[in-house]
Number of protein chains: 4
Amino acid sequence: MTTDLDDEIDRSDPEGEIARRADAYRNWGRWGEDDVLGTLNFIDDAKRVAAAGLVREGRVVSLSQRFDTDGPQKGWRRRTNPVHTMTDTGTDAERANQGFPHGMGGADDVIAMPLQCSTQWDGLGHIFDHGNAWNGRRAGDVVTSDGDLVTGIEHAAAVVVSRGVLLDVGRHLEPATGELPDGYPITAADLDACIQAQGPSATVGRGDIVLVRTGQYTRARREGWGDYAGGPAPGLSITTAGWLSRTEIAAIATDTWGFEVRPNEFDVPAFQPLHQIVIPNLGLTIGEMWNLDELAEACAEQGRWDFLLSAPPLPITGAVGSPINPVALL
Amino acid sequence: MTTDLDDEIDRSDPEGEIARRADAYRNWGRWGEDDVLGTLNFIDDAKRVAAAGLVREGRVVSLSQRFDTDGPQKGWRRRTNPVHTMTDTGTDAERANQGFPHGMGGADDVIAMPLQCSTQWDGLGHIFDHGNAWNGRRAGDVVTSDGDLVTGIEHAAAVVVSRGVLLDVGRHLEPATGELPDGYPITAADLDACIQAQGPSATVGRGDIVLVRTGQYTRARREGWGDYAGGPAPGLSITTAGWLSRTEIAAIATDTWGFEVRPNEFDVPAFQPLHQIVIPNLGLTIGEMWNLDELAEACAEQGRWDFLLSAPPLPITGAVGSPINPVALL
Amino acid sequence: MTTDLDDEIDRSDPEGEIARRADAYRNWGRWGEDDVLGTLNFIDDAKRVAAAGLVREGRVVSLSQRFDTDGPQKGWRRRTNPVHTMTDTGTDAERANQGFPHGMGGADDVIAMPLQCSTQWDGLGHIFDHGNAWNGRRAGDVVTSDGDLVTGIEHAAAVVVSRGVLLDVGRHLEPATGELPDGYPITAADLDACIQAQGPSATVGRGDIVLVRTGQYTRARREGWGDYAGGPAPGLSITTAGWLSRTEIAAIATDTWGFEVRPNEFDVPAFQPLHQIVIPNLGLTIGEMWNLDELAEACAEQGRWDFLLSAPPLPITGAVGSPINPVALL
Amino acid sequence: MTTDLDDEIDRSDPEGEIARRADAYRNWGRWGEDDVLGTLNFIDDAKRVAAAGLVREGRVVSLSQRFDTDGPQKGWRRRTNPVHTMTDTGTDAERANQGFPHGMGGADDVIAMPLQCSTQWDGLGHIFDHGNAWNGRRAGDVVTSDGDLVTGIEHAAAVVVSRGVLLDVGRHLEPATGELPDGYPITAADLDACIQAQGPSATVGRGDIVLVRTGQYTRARREGWGDYAGGPAPGLSITTAGWLSRTEIAAIATDTWGFEVRPNEFDVPAFQPLHQIVIPNLGLTIGEMWNLDELAEACAEQGRWDFLLSAPPLPITGAVGSPINPVALL
């Protein structure tokens, strides 16, 4: 099933192209007027029981990048890399200068970081469309300086565990390198072809969490971060909005900074138009900067692409995003 | 199986009591001289496959407290509550003052927090015994101002998923209230009796992650934090060191600030003696400030006490602790 | 010169009492429509030359409280105490584990703090009156999530040096203790009487920076912080708005958390009504949490109450407040 | 007066060249064994009275760079640019969503920053020589994870006001551009020649605070930060150690990241050898990243180079550096 919205776009009219898709796929009210979860509602308990049945090896793969100062951030909109500092150290403890009795010593630490500095979920309060937030609320009624008063990421603390499906589009389209070039827009047809190629275990449906590997992270680790944070990147085309809607997936994540293709697919100024469609209108939870390389190898070895995925956010009250360490259990 | 180390202690000699147990239960070298995981090594893939088999309902319970400024911390050793602030808000987005095109608006946020301010794992570099870190390394060779150079919590990123067992000692010993009084030292006998009372699903063995509910968190939420962070609390007795060793559990967590009973069980100055025994000597990973209340209700309703537990730390490079959102899948 | 606005207030009508004074003393447009300094404009170069002439001893007195975790803040509106942590230490340097050549070692540090956690200036963007900021601008046009885009404290970086005058109202009204009781509202008459008692060197006029000592800080240091941050305190009465206007002072600071008397002088809910009058309407710069004790002793010993005051804010771009170390040169 | 230590160095022996000068100029014990101020002791009250006499115009010049995310830092040793975020904004206040009565609205903010991210003083605990701190103390006895327990910058809170002298070496040596090339080592002869050229008001002596303008900051502002933080730069030669000693100046500051010439003057690995000599051995307080451009213009216009300089650090307990806004009063 495809629609004309899966096809070519008018590259001079981002506002119109966004509006057409927002209108076509908007989920406002679908889960009641008080809803704070959006498409995460597609996950039900039966889905999780079935997903637990996918655990055959007992192997855990972490899908998180490291959190440290050597990350990709360069300060855009005050997004820096994490700063981790010690308040007590082993050097001090060995010197026994900490004031503890009976040979006790300790180390302790603090961190300061943007919530979306590394592997993360975007919360539903992260993006707005013409001043509207998820479910049709006004943006200013939802997220103030006090944080997200309505759809804060803490609401998803006991939700984000489901069947995960890896779509290794990088490997599918570029078998030699496994890496899509920067600027490559992944289409619905690409996603469907990748599923077909990967076989039945890659089927995508209601409540699944889809992980799309582009290979850009692999390249960034090999060649240096460069403009990984905000620069050109492969990613989902704005034309995938329909696919994201009709598959009824719960969430989607990529190994790139921004989920969608960059530069964005317009000849006039545009900024993350697919975000503008899917977060406030569909209520779709998006993950970014995931590390999918080890998982891709494991899935390819086994020839199966689904697994139990546990990726609950930290319940930071009122947050519009959360650092996470998602784990796949195979 | 019990030993005399499970019995009474000399309340005037913390250093001696610590040393006796450290000597008796020390695991240094057990997993090789390069080991960075300690008792987490007890988790194997078969354990996780079996644990996945415990998922029958598909229900997820978050075991995390909230991360926000209204937490229990009062500044002890610079441990403050998290400070979450916005770098972009919906109020601004609705006013369209953010400089984005085509009706796009965004919210973004940052956090500054001690890594052990709320629900967390202690890393193996968190505590030292007479200048010795886990596996016999010198503390100053392990944790400097640059962080934990050897046993940083990032090493456990793909490890901490296993069978979890809840021991609701609060309910077992205080059926009326479900809450142990502050200062109550939980003994090995208490733990064994609780297991016996809860039945076969509460059996504890190699590779399990044991969650001990004391009920103190329930009381703190009802009555206010008070001295939850560092004050008197129920918790494990120093005499449980043997139990923690012979059960070969992978990790243990409680609903209290500090895992072990406070005030500590000595008549002379002492500070967290059980930590000093089990972290650097056994290599035991300890969780603190978990929220076990909803899980306790669910387990009691179902009459079973084990589940799949997914609690991977954030891979913060060199951290000696990590904020977490542990989830139980029932 | 006094007015009826110096007299009794209707304790049931904060909004009316604020409006009467805001209307009477509003300085909008006085220094042009682009003004970003407010009453700091009263300081001119001649004023500073004269102030430099007050330096007779060459003694410097710091008027700053300490910046550290042991401060008065308790988390109100996310105002915490500063968290200062080391990124390199001497312990490490002495161990020579830092990677530097030729015996070099270093220590380095970071801080996270609210800008108004300790001794500070309120910037002109700190307070609004019915959505209006200083000089009649709309609050949302001035201070967004990006900070104060118009009147940021960086604009005062080269301004805040002038003649300072200490009014030791605590000592004047309570000669035995030097400390006003919490809740004591300092009136215009009190200020004038204090000036009279202190003599000619205490005369207050255009461009001066007035420092009012209540003695509450002295009490807090002796007895513990208690509710120093936001609790009951002596301070300026709302009825001093006229005095603050007609004296044409450049700025004023106190040794209390909040400059004005607390509880505020109304029988219905009210919050810092004098701030609401003087910051957005008069354009008055206010300092809080200054340490005036050593200065008070020095002035009393010498029998003179004016000095050169240097208190430039840190030019933090877009800040609505700044931590400072004001110094008096006597 | 010059010495052979003012001359050529052995470029293969940084350790030796450092040791020769450290031995020759070491001030340990000069101000008693408890001293925490070093050369700041050269400032006396008479000095400040005389300095106040230099205030003729009443003009204030701020010597601070801005503190914001658009600064020069790139993460070296976790030195990032400041992150300033709002906890309350005018956008919210105008929307009246803050919960205050009677039309009150507020904005508030927080900052997280390395203490040496922008214009700053190095504290005496910032640098060590073979594990020795200022006055011969062991580094590990002075600066632990708890901060500088002995020579913390708070001790200088009421000290750093004195006569300032600007030496515009950039203008002196490069009259056409006013900018020294990166890598240019300023010698004692250069400093003396600059003083001579500038005339009697540029004479340098006991208790003065010397400001050396290289012009690199001018270039960085024009061309972009580039490698301003840690890259090649003009700066003081290691051979100026004698000059810094025999002039008995209280402190010195430059418009560069690192005070001394970079790359350092050796053919083998070296790192800031002049720091290693002057901070722990002479007890010299060093300022870096000052903005001297406006001051240079003002001094050139007036044909005089000295002024009252007020540059007290923030009294951050235990800090080894402090952000500052130094002001020159002319």
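Hydrogens, waters and symmetry mates play no part in the numbers below; they use all other heavy atoms, side chains included. Just so it is clear, the model here is predicted, and its values are computed rather than measured. Letters A, B, ... are given to chains in the order of the sequence lines, protein chains preceding strands, and every chain is numbered from 1.
- D88(D) places a side-chain heavy atom less than 4.5 Å from the side chain of R77(C).
- Rounding to the nearest 0.5 angstrom, the gap separating the OG1 atom in T89(D) from the CG atom in D146(C) is 10.5 Å.
- Note on Q116(C), R138(C), R95(C): by heavy-atom pairs under 4.5 Å with chain D, the leading option is R138(C).
- Only the backbone of R56(C) comes within contact range of chain D, with heavy atoms under 4.5 Å apart.
- Taking the charged nitrogens against the carboxylate oxygens, R79(D) and D108(C) do have a contact shorter than 4.0 Å, which makes a salt bridge.
- Of the listed residues V161(C), T87(C), L63(C), the one with more heavy-atom pairs under 4.5 angstrom with chain D than any other is T87(C).
- With chain C as the partner, the residue from A93(D), G105(D), P82(D), G131(D) showing the most heavy-atom pairs under 4.5 Å is G105(D).
- Between V55(D) and A52(C) the shortest heavy-atom distance is CB-CB, 3.6 Å.
- With a 4.5 Å cut-off on non-hydrogen atoms, L54(C) does not touch chain D at all.
- For L308(C), the part lying under 4.5 angstrom from a heavy atom of chain D is the side chain only.
- Only the side chain of V327(C) comes within less than 4.5 Å of a heavy atom of chain D; its backbone N, CA, C and O stay farther away.
- In this structure a side-chain-to-backbone donor-acceptor pair under 3.5 Å is missing from R48(C) to R59(D).
- Per-residue counts of heavy-atom pairs under 4.5 Å with chain D were compared for P315(C), A158(C), A50(C), P312(C); the largest is that of P315(C).
- Of the atoms belonging to A270(C), heavy atoms from both backbone and side chain fall under 4.5 Å from chain D.
- Heavy-atom pairs under 4.5 Å with chain C peak, among E294(D), H275(D), Q98(D), at Q98(D).
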So M86(D) and T144(C), side chain to side chain contact (heavy atoms under 4.5 Å, CB included) or not? Walk me through it. CA-CA 8 Å; M86(D) 306 304 297; T144(C) 73; over 6 Å; no
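- Minimum heavy-atom separation, A107(C) to G125(D): CB-O, 3.4 Å.
- For a residue to count as touching a neighbouring chain, one of its non-hydrogen atoms must lie under 4.5 Å from one of that chain's; by this rule I279(D) does not touch chain C.
- Under the 3.5 Å distance criterion, the side-chain polar atoms of N325(C) are matched with a main-chain donor or acceptor of P313(D).
- Ranked by heavy-atom pairs under 4.5 Å with chain C, the list G321(D), C117(D), G318(D), P280(D) is led by G318(D).
- Both the backbone and the side chain of Q272(C) come within contact range of chain D, with heavy atoms under 4.5 Å apart.
- Contact check for I316(D) versus D68(C): no side-chain heavy atoms found under the 4.5 Å cut-off.
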Hey, mind stepping through D129(C) and M104(D) against side chain to side chain contact (heavy atoms under 4.5 Å, CB included) and telling me if it holds? CA-CA 5 Å; D129(C) 179 9; M104(D) 175 74 162; over 6 Å; no
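- Interface remark: P323(C) contributes backbone and side-chain atoms alike to the contact with chain D (heavy atom separation under 4.5 Å).
- Between D141(C) and E94(D) the shortest heavy-atom distance is N-OE1, 4.2 Å.
- With a 4.5 Å cut-off on non-hydrogen atoms, E57(D) touches chain C through its backbone but not through its side chain.
- Across all their heavy atoms, S62(D) and A157(C) have their closest contact at CB-O, 3.8 Å.
- With a 4.5 Å cut-off on non-hydrogen atoms, L115(D) touches chain C through its backbone and its side chain both.
- Listed here is the closest heavy atom pair of P269(C) and P101(D): O-CB, 3.8 Å.
- Counting heavy-atom pairs closer than 4.5 Å to chain C, the top-ranked of the candidates S64(D), G16(D), G58(D) is G58(D).
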Hey, mind stepping through L314(D) and L314(C) against side chain to side chain contact (heavy atoms under 4.5 Å, CB included) and telling me if it holds? CA-CA 10 Å; L314(D) 282 184; L314(C) 281 185; 4.2 Å; yes
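- Contacts of H126(C) with chain D are made by both backbone and side-chain atoms, with heavy-atom separations under 4.5 Å.
- Using modelled atom types, one side-chain atom of T91(C) and one backbone atom of V143(D) make a donor-acceptor pair closer than 3.5 Å.
- Between chain C and the options I18(D), D13(D), D70(D), D92(D), the largest number of non-hydrogen pairs under 4.5 Å is found for I18(D).
- Remark: side-chain polar atoms of D109(C) are not paired, donor with acceptor, to backbone N or O of A319(D) under 3.5 angstrom.
- Contact of I111(C) with chain D is made through backbone and side chain together, with heavy-atom distances under 4.5 Å.
- In terms of heavy-atom pairs under 4.5 Å with chain C, the best-connected choice from G123(D), P114(D), A46(D) is P114(D).
- Q276(C) places a side-chain N or O within 3.5 Å of a backbone atom of H102(D) that can act as its donor or acceptor partner.
- Ring pair F271(D)/F100(C) is parallel by interplanar angle, where below 30° counts as parallel and above 60° as perpendicular.
- Proximity to chain D is absent for every atom of A133(C), based on heavy atoms less than 4.5 angstrom apart.
- With a 4.5 angstrom heavy-atom cutoff, N132(C) does not touch chain D via any of its atoms.
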